Amino acid sequence: MAEVVLKKAEKVYPNGFKAVHGIDLHVKDGEFMVLVGPSGCAKSTTLRMIAGLEDITGGEIWIGDRCVNDIPPKDRGIAMVFQNYALYPHMTAYENMAFGLKFKKTPKDEIDARIKEAAKKLEITELLDRKPKEMSGGQRQRIAVGRAIVRKPDVFLFDEPLSNLDAKLRVSLRVEIKELHTQLKKEGSTATMIYVTHDQVEAMTMGDRICVLDYGRIMQVDTPLNLYHKPKNKFVASFIGAPTMNIMETELDKDEDKTFVKINDEVIYLEEDMAQKVDSYIGKRVYLGIRPEDINMVSSDDPVMENTITGEVLVVEQMGNEEIVYFGIDGNRYIARQTPDLNEDLSTGAKKRFHINMRKCHIFDFETEENIIL
Amino acid sequence: MIKSKDIKKNLTGYAFIMPQVILFLIFMVYPIIEGIRLSLYKINYKTETFVGLKNYRDLFNDPVFVKSTLNTIIFVVFIVGLTVAFGLFVASAVFDKDARYVSFIRGSYYIPVMVSMVVMSMVWNFLLNPANGLIPYLTQQAGFSSVNFLGNKAIVKPVIIFITFAINVGQAIILYIAAMIGIPNDLFEAAEVEGVSKFHIIRKILIPLVKPTTIYITIINIIAVLKIFVVIQLLTGGGPNNASSTLMYYLYNNAFKYNRLGVASAVGVIMFAITLLLSVPQLRAMFKED
């Protein structure tokens, strides 16, 4: 069993700064949990608390069936992969991988067998005799992962391991790490992995579940799809997803039987079932959240339809398979994502109508910023 | 091949380094050449007689030169060894502690380095004076017999070694702390997670990673101790019975007391050759591409 459980875990620094505000988190055995959040959200601090590199000032941390609060890092059954690889520059890749095992008095033959097995898995066999400076960033990080694997830990901890790599390599390595997780699970190894990143794409693509943190508090823990489609609050909604969700400050109103919001005097109606959920908010200010893909430009040939707004094209990013249209309404900037339409005039300043798919919108309380339609 | 066009292009650069080059040629290169030349002559006031390598042969037949050479080697080995070992010990013990504490340690050890060697030697002379020095007084109070630290053949070398080491070690500590602070912290954390003990972290990670600093400290200290003079001149005058005489002190005596300029130049040339040889690994390390 390699569950990791944080019970009201807290970190207060000697100067009184509270970095982690008593968080509760349950990472299941064999799960790939991603801790994600912006800079300063305490994701790395939380990981370091689990590793034992940072003292915990309140609450409890359990790994398996042991409370590890007072257990040193070496006895917690963890292995850690660092952002800067943390390979010893004066040792070869082989020596780096063997270093920790030697101090655990592991027999030489076993060390050799474990390193060769890990090297095969990570396709780094030909790098074993090289020193870190003779390797590329990606190769170094593979060695660092290999060093973690040979320890056969209960829990793998990754602290932004791909941040120093170029975009292309990041994509391929994140697939490899995910594959490694699946492979270890298949082999029956304990493969609980906790992965810290500030990159929400990395989080979405890798995590079985994602824990979104902000200012040392957990905002939401859920599967990637749930986070995307059912964000609990405005922070999660705007943090998860690229391009980011459009957030508009508006007021809920109702005419005879339909609930609506106004965007620059244009009326947008809510779906029936959604309207019922927000009934108590009529007359109050709220945030309306719409994902870019739920806003589509309406062709000038299309008949006038409901729930459209008029905006001025600011910038268009052509991605080939899709286009990202930045448009402005009354000084605010919004984003639409759509399939490219070569016949449309998308020059800067062009006035266009955009249709909002209100079936997929989110409405957040103005004060608490909680999602009120969940 | 350097084209005249390139020279023209770089003229400003050459003009800027010219004053330094001229000074270097006059005050460094010329004296070295002149020193080598003089070492091949017997000089008697204004007359110079070419004697070939006689000065060198005489040197190796002079027991005082041999003794001075041996003393210098002993000083180099022990002072440099102690400086590197103690510098490593202090720096590795404090480099990762609170910044204010590290500054305090750095400051404390560096004060003697900032004070002139002459002043430090005089202070030690007062402290060790057998008539009214503090240290002989304390040893007497502690029940030991009166010890003349600088007049006893058996202990004068250890005393000189200790004093020079105490004056010099601050420099090594400063350099080691700077080098150690520069090592990424995650290397130590990775080792901590892997269960490596503090002792082994120092032995297997810290010490190998500050190797360039160790080479640098070793070389500059070897060169400095090879030229050790002020401490000897002020504390012992090379005595008792040449027990603390060094190459530099021997050179000084020959040049300025016995007026044997040719012999003194030969000693200078030998010292220059040794220093040059010792500088090779340092220069190599400096120019080595990492």
Side-chain angles (χ1 to χ4, degrees), chain A residues 14 44 47-48 50-54 68 71-92 95-106 111 131-134 140-141 143-145 147-148 150-161 163-164, chain B residues 84 87-88 91-92 94-104 175-219 281-282 284-290:
Chain A
S44 282
L47 191 82
R48 291 167 60 82
I50 297 169
L53 295 171
E54 202 81 61
V68 295
I71 295 178
K74 67 182 173 82
D75 298 324
R76 292 191 179 199
I78 52 145
M80 191 154 169
V81 179
F82 295 82
Q83 180 177 352
N84 296 318
Y85 327 122
L87 295 176
Y88 311 117
H90 55 294
M91 298 181 196
T92 62
E95 288 163 344
N96 263 286
M97 289 163 80
F99 189 60
L101 295 178
K102 276 185 195 163
F103 289 98
K104 280 173 89 183
K105 303 233 158 48
T106 314
I111 294 177
K131 286 191 174 170
K133 68 177 174 190
E134 297 158 351
R140 286 182 208 181
Q141 201 52 287
I143 303 294
V145 173
R147 181 171 66 180
V150 295
R151 294 198 67 215
K152 299 204 166 168
D154 295 331
V155 182
F156 287 88
L157 304 175
F158 293 89
D159 190 4
E160 306 207 31
S163 298
N164 286 2
Chain B
V84 168
L88 263 176
S92 57
V94 304
F95 82 99
D96 55 352
K97 303 287 182 299
D98 181 72
R100 273 173 298 180
Y101 174 67
V102 175
S103 301
F104 172 72
L175 291 170
Y176 270 132
I177 289 179
M180 287 173 187
I181 287 175
I183 297 173
N185 203 30
D186 52 12
L187 290 184
F188 303 119
E189 288 180 342
E192 196 184 339
V193 168
E194 294 199 273
V196 184
S197 65
K198 176 93 181 167
F199 172 72
H200 281 109
I201 288 178
I202 291 173
R203 209 165 74 88
K204 299 277 185 180
I205 300 171
L206 196 62
I207 292 178
L209 288 183
V210 295
K211 196 171 140 201
T213 310
T214 305
I215 293 174
Y216 177 71
I217 291 173
T218 307
I219 304 287
Q282 189 202 351
R284 254 198 208 156
M286 276 166 73
F287 290 114
K288 198 173 146 195
E289 277 181 46
D290 198 22

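Note that the structure is a prediction, hence the values are computed from the model and not measured. Any value given below was found using the heavy atoms of this structure, including those in side chains, with hydrogens, waters and symmetry copies removed. In what follows, every chain begins at residue 1, and chains take the letters A, B, ... in the order their sequences are listed.
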Student: At a heavy-atom separation under 4.5 Å, does L157(A) approach chain B through its side chain, its backbone, both, or neither?
Tutor: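 L157(A) has no heavy atom closer than 4.5 Å to chain B.
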Student: Out of A144(A), P153(A), A79(A), A86(A), return the one with the most heavy atom pairs under 4.5 angstrom to chain B.
Tutor: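 With the most close heavy-atom pairs to chain B, the winner is A86(A).
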Student: By number, which residues in residues 186-196 of chain B have some heavy atom less than 4.5 Å away from chain A?
Tutor: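 The list, in residue order, reads D186(B), L187(B), E189(B), A190(B), A191(B), E192(B), V193(B), E194(B), G195(B), V196(B).
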Student: Please check if atom NZ in K97(B) has more than 12 non-hydrogen atoms from other residues, nucleotides or ligands closer than 6.0 Å.
Tutor: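 Yes, enclosed.
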Student: Enumerate donor-acceptor pairs with a distance under 3.5 Å from any side-chain N or O in residues 199-207 of chain B to protein atoms, sequence neighbours excluded.
Tutor:
{"unit_1": "H200(B)", "atom_1": "ND1", "unit_2": "S197(B)", "atom_2": "OG", "d": "3.0"}

Student: Answer with side chain, backbone, both or neither: which region of Y88(A) has an atom nearer than 4.5 Å to a non-hydrogen atom of chain B?
Tutor: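 Both parts, backbone and side chain.
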Student: Counting only non-hydrogen atoms closer than 4.5 Å, does R48(A) touch chain B with its backbone (N, CA, C, O), its side chain (CB onward), both, or neither?
Tutor: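 The side chain, not the backbone.
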